Amino acid sequence: MRKQLILIIIMAIVTGLLPLSAITAEAIDIQMEPNVVQIGAFYNGGHVSVSGDIPHDAEVIIQLSGATQDAEFLKKGRVFGVLWMNTDTISFHDIPEVYMLYLPSAISESDLSKEHMPPVGFNALKGQCTLTPAGEDKDLQFQEFIKLKTMEGIYAVKENAVTYHNNMDNKKKIFACELEIPSRMAQGIYTVTTFILKKGKVIQTEDRQLKIKETGLPAMINSLAFDHAVLYGILATLIAIAAGLLTGVIFKGQKGGH
Amino acid sequence: MWHLYLPIAGNSINVPLIFTLGGFVGLLSGIFGVGGGFLMTPLLIMLGIPPTVAAASDSNQIVAASTSGTLAHYRMGNVDFKMGILLLIGGVAGGTGGVWIIKILRATGNADFLITITYVLMLGFVGGYMFIESLQGLRNKVPDLTPVSQKESSYARLIKKLPCRTRFEKSGIEVSICLPILLGGLVGILAAIMGVGGGFIMVPIMVYLLRMPMHVVVGTSLFQILFTCVNVTIMQASTNHTVDFILALILLLGSTLGVQLGAKISKKLGGDQLKILLAILVLLVMVKMLFSLLLPPDILLAYKGGH
């Protein structure tokens with residue numbers, strides 16, 4: 001009896017693992033190009049391509065997110081019922097500095113709340129973050145936060161942004177997505193997460209690191225401004241005075257010494 | 001192609017747009033002797049520059065514009081250095097005092113309300129008074145002369161009682177050295193509380209309370225702004241790391257040219273014409289502030305910092 005029980009348990013475990021091993025067997029190779037975006041003097045944002053082969057009946061969602069942080073804002077409210085002004089400060093905790101979600105045509109933003117969907121989208125972020133003071137109207141304040149970040153171009157949910165092409169092999173298709181990197185995204189490490197879904201369930205999740213790095217003149221100025229701040233301030237002032245004097249001299253020259 | 005990355009602001013900007021913006025604000029500085037921070041900072045924020053970086057980098061570019069403007073006005077004999085230095089001494093002392101006052105106000109709460117109301121009332125009073133007075137001047141066709149009324153005579157009698165009187169040759173006036181120090185201090189306090197350079201308050205004070213000729217006021221105001229902004233730039237760079245030199249450089253290339261052109265325009269305009277135009281500018285800023293106070297904002301959250 002005991003042996004039978006052990007056998008049943010073993011069989012149950014093996015049976016349970018079968019679908020997982022089948023999924024692992026068809027693990028999907030995802031390519032991201034480039035892995036490093038360099039910020040030079042003439043940088044005006046960049047692009048990163050994510051692509052791979054997936055089963056013909058699968059869907060892909062891609063999430064680009066920055067490190068979570070706390071963010072403090074001034075809250076606008078009515079004073080004496082008439083004047084709109086900054087009334088208080090409000091802090092959002094555990095909120096990513098950048099958040100972009102790329103969806104295929106088959107999945108809309110409203111589908112993200114369905115069961116078995118990965119925890120992505122603005123509603124998922126709202127669930128994760130907390131507010132100080134705690135008594136704040138979270139729905140309203142979070143909506144304003146999303147408006148502000150969307151206006152800045154560093155928060156977005158983009159529908160129809162993942163495209164598919166048929167592979168030679170009819171069992172698979174190629175997905176492709178072009179991630180827009182706005183110039184406002186600061187240097188740092190970001191995470192690009194690819195969710196592969198089949199029949200509405202996630203079958204694979206893969207994280208890739210995207211590095212954004214300043215080089216050349218921007219890197220030099222940043223290092224001077226932070227490591228030798230006083231010298232930087234004095235230099236900035238002296239160059240401004242020199243430029244002002246130079247323009248004055250040029251203008252006098254143009255007037256023929258008048 | 002036309003974009004440059006701003007390492008401190010952490011954003012890229014369109015170079016011709018920022019250059020033009022610098023030129024336009026520089027033009028106003030050259031004509032009226034104001035720093036233009038009250039116009040430049042909100043415009044930079046609209047273009048995606050963080051408020052603290054916008055205000056600090058603007059100070060850096062004003063250093064160039066005011067150097068260029070002071071030089072242009074100096075050549076026309078319009079800078080009263082003696083008066084400028086005394087106002088500056090008062091301004092530094094007043095600014096320090098103002099920082100303390102703002103700390104106390106913040107501790108009591110409702111500071112933002114008091115600051116905004118002071119700002120709007122100040123703009124309204126200064127702009128309104130200057131507008132009416134210069135309009136009367138234009139109608140009477142007696143440019144650059146302050147009408148002598150009974151009220152002003154009593155003020156004149158009062159300032160005559162102050163000790164240490166001295167002659168200010170360029171301005172053509174004789175007043176106590178205490179007066180510019182006191183008035184400079186007052187502007188310094190107000191500027192620190194409102195978080196602005198104070199040019200638009202200093203100019204009317206020089207015209208109406210020190211009774212300096214308008215053209216000398218513009219040049220002397222620029223001379224004083226130069227030193228205030230040198231101080232602000234170095235302080236902001238060393239303590240807050242908010243000066244973006246690339247941004248300041250593009251702005252100053254535009255503003256130094258604009259200010260030279262402005263100085264030429266200023267010379268061609270009469271004192272009352274200058275005053276009425278500045279009054280209109282100040283009143284427009286006030287109306288814009290009033291609208292922003294009365295109309296519900298698009299977004300109920302804002303970043304900290306800026307003017």
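All chains are named by letter (A, B, ...) in the order of the sequence lines, taking the proteins before the strands, and each is independently numbered beginning at 1. Predicted model, so just to flag it, every value in this text is computed and none were measured.
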Taking all non-hydrogen atoms of both residues, which atom of B/Leu71 and which atom of A/Gly248 are closest, and how far apart? CD2-CA, 3.6 Å
Output every pair passing side-chain hydrogen bond (donor to acceptor under 3.5 Å, both in side chains) with a member in residues 224-233 of chain A, not counting sequence neighbours, ordered by first then second residue. none
What part of B/Asn14 is in contact with chain A, defined as an atom under 4.5 angstrom from a non-hydrogen atom: side chain, backbone, both or neither? neither
For a quick test of reading the model, state the closest non-hydrogen atom pair linking B/Asn60 to A/Ala236 and the distance between them. OD1-O, 3.2 Å
Going by the angle between their ring planes, with limits at 30° and 60°, are B/His241 and A/Phe226 parallel, tilted or perpendicular? parallel
Could you go through B/Lys264 and A/Phe251, starting from their C-alpha distance and side-chain angles, then the distance that decides it, and tell me whether this counts as side-chain contact (heavy atoms from CB on, under 4.5 Å)? CA-CA 11 Å; B/Lys264 283 182 186 172; A/Phe251 263 70; 4.1 Å; yes
Would you find a donor on one side and an acceptor on the other, under 3.5 Å apart, between the side chain of B/Ser238 and the backbone of A/Val230? no
When only pairs under 4.5 Å are counted, which of A/Ala240, A/Gly45, A/Gly233, A/Ala186 shares the most heavy-atom pairs with chain B? A/Ala240
For B/Leu301 and A/Phe73, work out which heavy atoms get closest and say how close. CD2-CB, 4.1 Å
Between CD1 of A/Ile241 and OG of B/Ser68, what distance do you get to the nearest 0.5 Å? 12.5 Å
What part of B/Leu294 gets within 4.5 angstrom of chain A, counting heavy atoms only: side chain, backbone, both, or neither? both
Let me know if A/Ile39 has heavy atoms under 4.5 Å from chain B in its side chain, its backbone, both or neither. side chain
Can you find a heavy atom in the side chain of B/Trp2 that is under 4.5 Å from one in the side chain of A/Asn44? no
Relative to chain B, which segment of A/Thr89 carries a heavy atom at a distance below 4.5 Å: side chain, backbone, both, or neither? side chain
If you compare all heavy atoms of A/Gly244 against all heavy atoms of B/Thr256, which two are closest, and at what distance to 0.1 Å? CA-CG2, 3.8 Å
Atom CE of B/Met289: over 12 foreign heavy atoms under 6.0 Å: yes
Let me know if B/Ala302 has heavy atoms under 4.5 Å from chain A in its side chain, its backbone, both or neither. both
Could you walk me through whether B/Tyr303 and A/Leu148 satisfy the side-chain contact (heavy atoms from CB on, under 4.5 Å) test, starting with their C-alpha distance in whole Å, then the side-chain angles of each, then the deciding distance to 0.1 Å, before giving a yes or no? CA-CA 10 Å; B/Tyr303 287 102; A/Leu148 184 68; 3.8 Å; yes
Can you list the residues of residues 210-225 of chain A that sit under 4.5 Å from chain B, counting heavy atoms only? A/Glu214, A/Leu217, A/Pro218, A/Ile221, A/Asn222, A/Ala225
Atom group of B/Thr70 that falls short of 4.5 Å from chain A, counting heavy atoms: neither
What residue, out of B/Val243, B/Thr233, B/Leu252, has the most heavy-atom pairs lying under 4.5 Å from chain A? B/Val243
Spacing of OH belonging to A/Tyr43 relative to CG belonging to B/Leu4, to within rounding of 0.5 Å: 14.0 Å
Of the backbone (N, CA, C, O) and the side chain (C-beta and beyond), which part of B/Ile117 lies under 4.5 Å from a heavy atom of chain A, both, or neither? side chain
Check B/Ile299 against A/Met151 and note the closest heavy-atom contact, atom names and distance. CD1-SD, 3.8 Å
A/Phe42 ring center near B/Tyr5 ring center (under 6.0 Å): no
Nearest heavy-atom contact between B/Asp298 and A/Lys147 is O-NZ, 3.2 Å
Does the side chain of B/Pro296 reach to within under 4.5 Å of the side chain of A/Trp84, using non-hydrogen atoms? yes
Under 4.5 Å to a heavy atom of chain A? For B/Leu257 that would be both
Is it the case that more than 12 heavy atoms not belonging to B/Phe81 sit under 6.0 Å from its CZ atom? yes
Option from A/Val79, A/Leu83, A/Val82 for which side chain to side chain contact (heavy atoms under 4.5 Å, CB included) with B/Leu293 holds: A/Leu83
Residue A/Leu246 versus chain B: region with a heavy atom under 4.5 Å: neither
Which answer fits A/Gln141, side chain, backbone, both or neither, if we ask what part of it has an atom under 4.5 Å from a heavy atom of chain B? both
Between B/Ala9, B/Pro7, B/Ala237, B/Ala263, which has the largest tally of heavy atom pairs under 4.5 Å with chain A? B/Pro7
Is it the case that more than 12 heavy atoms not belonging to A/Gln209 sit under 6.0 Å from its CD atom? no
Would you say A/Lys126 has more than 12 foreign heavy atoms packed within less than 6.0 Å of its NZ? yes
